[in-house]
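I have placed the structure first, in the form of structure tokens, so that the comments after it can refer back to it.
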Amino acid sequence: MKMGIAQVPAGRKLFPQLSVLENLSAGAYTIKNHNEVNTLMEDVFEHFPRLKERIGQRAGSLSGGEQQMLAIGRR
């Protein structure tokens, strides 16, 4: 896994009508290896356990901090 710095613009650019899981999946659309996608998602949930609790919730209904976590996780 790559480690480094991520920039998250103020607008976050989330898909508000999509769930947390759907937003994370959209961020991984270029990765063809499903095992790699699953590993990356588990890493996001390890760093941001609150997102795992909200996995089916629409991104637009998350708090500002939760939206920021999602934007970082989606990188």
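The salt bridge (charged side-chain N to carboxylate O under 4.0 Å, His left out) search around Arg74 returns none, not counting sequence neighbours. Leu21 pairs by the side chain to side chain contact (heavy atoms under 4.5 Å, CB included) definition with Ser19, Ser25, Met41, Ile55, not counting sequence neighbours. Scored by the salt bridge (charged side-chain N to carboxylate O under 4.0 Å, His left out) test, Glu42 finds Lys52 as partners (sequence neighbours excluded). Taking Arg50 as the reference, Glu53, Glu66 meet the salt bridge (charged side-chain N to carboxylate O under 4.0 Å, His left out) condition, with sequence neighbours excluded. With sequence neighbours left out, Leu18 forms a side chain to side chain contact (heavy atoms under 4.5 Å, CB included) with Phe15, Glu22, Asn23. With sequence neighbours excluded, no residue satisfies salt bridge (charged side-chain N to carboxylate O under 4.0 Å, His left out) with Glu36.
Atom-to-atom distance recorded for Leu62:CG and Gln57:CD is 5.0 Å, nearest 0.5 angstrom. Rounding to the nearest 0.5 Å places OG of Ser61 at 9.5 Å from CD of Gln17.
The nearest pair of heavy atoms linking Val44 to Gly73 is CG2-O, 3.6 Å.
Counting only heavy atoms from C-beta outward, the side chains of Leu70 and Phe48 never approach each other to under 4.5 Å.
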